[in-house]
Amino acid sequence: MSGDHSHSEDQVDGGSRFNDSHKHKDKYKEKEHKHKDHKKDKERDKSKHGNSDHKDSSDKKHRDKEKMKHKDGSTDKYKDKHKEKRKEEKMKSFDGKVKKEKENGFASPHVKSEPEDDIYHSPKHEKSLKRERDDDNDSEFKPKKIKTEIKTENDKRAKKRKPDEDTKSKKTKNKKGEVADGKKKAKKEPEEKWKWWEEERYTDGSKWKFLEHKGPVFAPPYEPLPSNVKFYYDGKHMKLSPGAEEVATFFAKMLDHEYTTKDIFRKNFFKDWRKEMTAEEKAKLTDLKKCDFSEMSDYFKAQSEARKAMTKDEKLKIKAENERLLQEYGFCIMDNHKERIANFRIEPPGLFRGRGDHPKMGMLKRRIRPQDIIINCSKDSEHPKPPPGTKWKEVRHDNKVTWLVSWTENIQGSIKYIMLNPSSRIKGEKDWQKYETARRLKKCVDRIRNQYREDWKSKEMRIRQRAVALYFIDKLALRAGNEKEEGETADTVGCCSLRVEHIKLYPENDGQEYVVEFDFLGKDSIRYYNKVPVEKRVFKNLQLFMENKEPDDDLFDRLNTSVLNKHLQELMDGLTAKVFRTYNASITLQQQLKELTSGEDNVPAKILSYNRANRAVAILCNHQRAPPKTFEKSMQNLQTKIDAKRGQLSDAKRDLKSAKADAKIRRDEKSKKTVETKKKAVQRIEEQLMKLEVQATDREENKQIALGTSKLNYLDPRISVAWCKKWGIPVEKIYNKTQREKFAWAIDMAEDDYEF
DNA sequence: CAATACACTTAGCAATATGTAG
DNA sequence: CTACATATTGCTAAGTGTATTG
């Protein structure tokens, strides 16, 4: 870890900036909004600064500039965009249809390899290797053993696999045992956890050989309002057609939300609503302001009250029905194992609410029907049946992808998928692989850092830009920043898409030199605010990049994510911008744990240390949350508890003292015992008090920081597991049930000496 | 290239479940 | 038990990144 040099300090340092950021944010909050909707706080606050000072500095760096190959003065980029998403289907031809009888509601997967061979004839070579435990630095996430794989001749995509996975091919058939075994497990019995991480993985680019599922669960059909719930237009009652009424109810349900007051939201809604109206309705309803949805709104509120007030029995019934649905639709069979599906319900229709300042907010998200749905499953499985009287759009058998169901969503035209749960083999393998890639970066990060530092001096503008951007990505854990189409989404940026208006340069600030102030909205319109001192060369480069540009010009006009990633790919196999986030997050956790954990601490104190380490990462990655609505109150409650405990403690101490005095006089066994008991009591209370205090600290520090995202997505779980083992902390203290399921592989394989 | 299509990860908040104090 | 606080799960938008297409 020596290689992580000062970098780590920067990052931890970054912590203080976060507080600044929040102060800033809070101040802003007070100033600008009353805010009933905390979401709003995050929404764009275009700072007025940044416009003024990019010009004045322009003469300074002539020399710098002369050296550069500025192709032309223009700041154009690849900026034009227009998009129409539509996609065509492609069918792959597979022949051979073998249906197995069902078991457990699923056609049973072949239990031996023979049938497979029948189905997918012409196996070519393949390989697969047994994975090995990765406890040591050197291990790679790579198959170590060759496995049989089957390629279909007409499978066009067979070539897709990664080069490194392709390198050698050998034919080894060793599947049977596993298969037979797996089949048993796929049966009714709960199945002892399957350790997929001890098995070989596919190396031919296929994601599965057998896939069977029941298809999606559709949103419940619209239930028209009872006739006593009326809609009024311009004060007059008006009965809406079912189609128009449904859309109206979507709006009515959101009436309390602030965004129904937003112009864009209303405009988009009204436009889409009108599309659902009959001709007469369309003619009559011309002004949203004259629409009165209040009865509808009240009705839904009453409904939700009624739901809350349901008897236990009724609630149980609903629960049971949900459970039934889960059992029927919530699982699939993939390669001999029953696996949990993540999202088997189709998204119900409603009004789109993007995050931040979204140009499409309020648009109608339409209802998805069977004919919109593409099913993906294996040919030799029992295909899911569409609801009676309907048809799927398509049933395909593409084992180069992991999804079971897809459809195209109408707001952005993007594709939505039903996929497996994070606990599934297919997700877990990928996750594991992600951390292995980050660990490989660890081995060469010094080299890469040296290289980009060199590149700050390059005579080519694009290389300098690339190097400065990479520096930000590395040092500040910024996201890559793909370009987005204007007008389609909220205006947010990442590193490569930063604009001049998003940074401000201070040759000197608060006693520090070369300070860069970042202020922009990132993913989910979460504000990133940070002031960081940077190296002089970086600073000078930034001045250069900003020269003669307007605030809304791209800072890195000769760079985009694709160029950057191509470069990274050359530096290390599998390296992309986001690997830096994973790497820096994980290495920071490891370092912080090392630094903060103290052997003498008791369990709660150690856990506080863990949370603090986790927090350092969350800060680095800018994972924020709105302070919980009940935050103040809950802090207060905790404080009350603490005070009470303190009282208890002094009482107990007093008791102890008198018991001691008593014992001194009486000198008998009984009083000695009393002293011991009292001592114990004091100790216990002290411990409880400490626990509460620690809890208070933890909570306060966590006010607007979300730990979950980094824990789930950026921190190599083996670091946490190893830490738990090393200090004798039960892993349940760190990971809840879902998390333990997701990280089962890590919990099983990491030893106390694991090093990221 | 550059635009587009696609697949899959990452993200915060809302809804729901669970725990706990009264 | 209820009421409330807190933890967990669900939801789905919004990113990243690669392959395909023009």
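Throughout, protein chains are lettered first and strands after them, A, B, ... in sequence-line order, and every chain is numbered starting at 1.
In this structure, A:R479 has no salt bridge (Lys or Arg N to Asp or Glu O under 4.0 Å) partners at least two apart in sequence or on a different chain. Residues satisfying the side-chain contact (heavy atoms from CB on, under 4.5 Å) test with A:K416, not counting sequence neighbours, are A:E347, A:W407, A:E409.
The base of B:dT9 does not come close enough to the side chain of A:K434 for any donor and acceptor atom to sit less than 3.5 Å apart.
Base engagement by A:N482 is indicated by at least one non-hydrogen atom pair under 4.0 Å involving a base atom. Residue-level contact check: A:K319 touches the backbone only, with heavy atoms under 4.0 Å from sugar-phosphate atoms and none from bases. Within the nucleic acid shown, A:G494 has no heavy atom closer than 4.0 Å to any nucleic acid atom. Residue A:K566 is out of contact with every strand shown, counting any heavy-atom pair closer than 4.0 Å. Looking at heavy-atom distances under 4.0 Å, A:K711 makes no contact with the nucleic acid at all. Backbone-only contact: A:T402 has heavy atoms under 4.0 Å from sugar-phosphate atoms and none from a base.
Closest to the side chain of A:A480, out of B:dC8, C:dG17, C:dT18, is C:dG17.
The one candidate from A:I619, A:T588, A:I734, A:L707 that meets the side-chain contact (heavy atoms from CB on, under 4.5 Å) condition with A:N614 is A:L707.
Remark on DNA chain B: of its neighbouring residues A:R307 and A:R581, the 5'-side contact belongs to A:R581, judged by nearest-heavy-atom nucleotide.
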